[in-house]
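Report on one structure; see the data block that follows.
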2 protein chains.
Amino acid sequence: MLKAERHQHILNEVSIRSRIQLSDIADTLGVSIDTIRRDVKELDDNKKLKKVHGGAISLGYNIFPFSNNEVFNKEKKAQIAQKAITLIKENAVILMSGGTTNLELARQLPADMDITVFTPSLPIAMQLLAHPKAEVIVIGGKVSKDAQLAIGAQVVQELGNIRADLCFLGTGYLDIEHGLTEFDYEVVQVKKAMINSSRRIVSLCISEKLNSVQRFKTCDIRDIDTLITELPPDAEVLRPYQSFNVNLL
Amino acid sequence: MLKAERHQHILNEVSIRSRIQLSDIADTLGVSIDTIRRDVKELDDNKKLKKVHGGAISLGYNIFPFSNNEVFNKEKKAQIAQKAITLIKENAVILMSGGTTNLELARQLPADMDITVFTPSLPIAMQLLAHPKAEVIVIGGKVSKDAQLAIGAQVVQELGNIRADLCFLGTGYLDIEHGLTEFDYEVVQVKKAMINSSRRIVSLCISEKLNSVQRFKTCDIRDIDTLITELPPDAEVLRPYQSFNVNLL
DNA sequence: CAAGAAACTGCAAAAAACTGCAGATTTAGA
DNA sequence: TCTAAATCTGCAGTTTTTTGCAGTTTCTTG
């Protein structure tokens, strides 16, 4: 990996997240933390960012108007994302819905991974642009301001043309009886289409969301091939799900 | 193998992959790495790409478009954006290309403005999500990592279905003789499609870009209805453009 | 103030860049 | 077509840059 690429990656990360940690970058790019430290120092010297203890921060605007830097349960989501990444095979075609857990996944994707990602989520697409090898295809349409996700008939139709190996499906709410549910009906339609276009459905779900229900239903639990949560396999709350071929961390 | 062939191959690779490593190219073409190094140096001298330690990157690649560090240019772009906003009518349907000047426009859009914006640019779309009233439709496709812009046949086709009132067209390079030009051919195709889909074309262009040329042509200057720059009307550099119905700040 | 994390420093191995040169190839003019 | 000049190309030796590591110092946090 070229130094210039690392610099670009770092600037992208800073631009997207408004702050970075050296250790994270070193991890993602697979180089030593000293190298990243030197990179960041150089970028700081060139006034491209501001180096701070342990990382760096952006000088100007963020790309994301809503600062979604404060992710709830970021640790858990990072764990889940790590597990999800192990499911990805080289040259896979992947569908990704939105949500902060998927965003964490996109962020942690190893730099040498050669994949193609389709997504209607703008933050996910932006994040993946920082990845040196991933090919990114954004699925266009009217963008929901809440979900920062393209929705509508056009999106559903476009998804019909795709046959993905893997779908990382975030969900707002998950319950044994009512399945995966959402607050927004249009989001549900998009997610249904994503499910129809993928061979394997993997749902990433922090434990806080288990046993919660909302108004509109995406699918039943049995439509999910793999559920990833951060809980140990014997957790009480997971008991009802065990029969659905649930993979655990 | 001719030198010209190698140069072409190198430019192609850079254009497609945004980056190359000298060793890879030398390997592929079966010549010594020194030869490739000399080739790349020459291409760098001719401003066709940017040479970096160990390889080369495309010209657009290291522009770090969206971390907004250069206060100086930001001032100019803000001025230009302000002027551009005065051209927008209520309930207008607007097409926006990418670029930092357009991004500045998106940032400054008054909150009470009720408009519909189509754009293949991810940062523009993200920015507009922060706007309370603007409806945002992102045009989907494979995303160029350099331009952070959806490109390709799908984008062009989608643009064919749109009839916009106004198109804010950023441009990399502008010259009286060669018109609007870009480094990337696919970006040119998208911009051509945008021009065909709009009643009025407004190009935002800071003065640094005047009298500069790149490899691929978007359109002639006479295809632009309005050109907005930050220079006073009597600026020497603007003299040649006066006859093209140029609006000035 | 004490423990842990991060930063700094110097160093050595590896990679890349640079330099000069000689043989090969191309070009230009007779 | 022939020849001389100019250019191109690969090679070997040298210099510079990059990078990870280990030891030490500085900073942060409770």
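- Under a 4.0 Å N-O distance rule, the pair E13(A)/R19(A) does not qualify as a salt bridge.
- F183(B) carries R215(B) over the face of its six-membered ring, with the cationic atom under 6.0 Å from the centre and within 45° of the normal.
- Here the side chains of L204(B) and T229(B) are not in contact, with every heavy-atom distance at 4.5 Å or above.
- Using a 4.0 Å cut-off between charged nitrogen and carboxylate oxygen, D39(B) and R6(B) count as a salt-bridge pair.
- The side chain to side chain contact (heavy atoms under 4.5 Å, CB included) test with L95(A) is passed by exactly one of L166(A), T116(A), I139(A): I139(A).
- Here K41(A) does not pair with D44(A) in a salt bridge; the nearest charged N to carboxylate O distance is not below 4.0 Å.
- For K51(A) and dA7(C), the shortest distance from a side-chain N or O to OP1 or OP2 is below 4.0 Å.
- The bend of the helix from dC1(C)-dG30(D) to dA30(C)-dT1(D), defined by the angle between the axes of its first five and last five pairs, stands at 60° to the nearest 10°.
- Residue contacts for V40(B): at a heavy-atom cut-off of 4.0 Å it reaches no nucleic acid atom on any strand shown.
- No option in L109(A), I115(A), D114(A) other than D114(A) meets the side chain to side chain contact (heavy atoms under 4.5 Å, CB included) test with K133(A).
- For the pair E5(A) CD and dT18(D) P, the interatomic distance rounds to 15 Å; values are reported in whole Å.
- DNA chain C is contacted by both R37(B) and L22(A); L22(A) maps to the nucleotide lying nearer its 5′ end (nearest heavy atom per residue).
- Between D27(A) atom CG and dA6(C) atom C1' there is a gap of 16 Å when expressed in whole angstrom units.
- L2(B) has its CG atom 11 Å from the C1' atom of dT25(C), to the nearest Å.
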What's touching nucleotides 10-16 of chain D from the protein side, N or O pairs under 3.5 Å?
| residue | atom | partner | partner atom | Å |
| --- | --- | --- | --- | --- |
| dG10(D) | OP2 | S32(B) | N | 3.2 |
| dG10(D) | OP2 | S32(B) | OG | 3.1 |
| dG10(D) | OP2 | T35(B) | OG1 | 2.1 |
| dG10(D) | N7 | R38(B) | NH1 | 3.2 |
| dG10(D) | O6 | R38(B) | NH2 | 2.9 |

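- Within the 4.5 Å cutoff, side-chain heavy atoms of L227(A) are placed close to those of C205(A).
- Taking atom NZ of residue K41(A) and atom P of nucleotide dT18(D), one finds them 13 Å apart after rounding to whole Å.
- The nearest whole Å value for the distance from the CG atom in D39(B) to the P atom in dA16(C) is 17 Å.
- Taking atom CE of residue M1(A) and atom P of nucleotide dA14(C), one finds them 22 Å apart after rounding to whole Å.
- Closest non-hydrogen pair, V156(B) versus Q189(B), comes out as CG2-O, 3.9 Å.
- For D44(A) and dA7(C), the CG to P distance is 12 Å, given to the nearest whole Å.
- The CD1-P distance, from I25(A) to dA7(C), rounds to 13 Å in whole Å.
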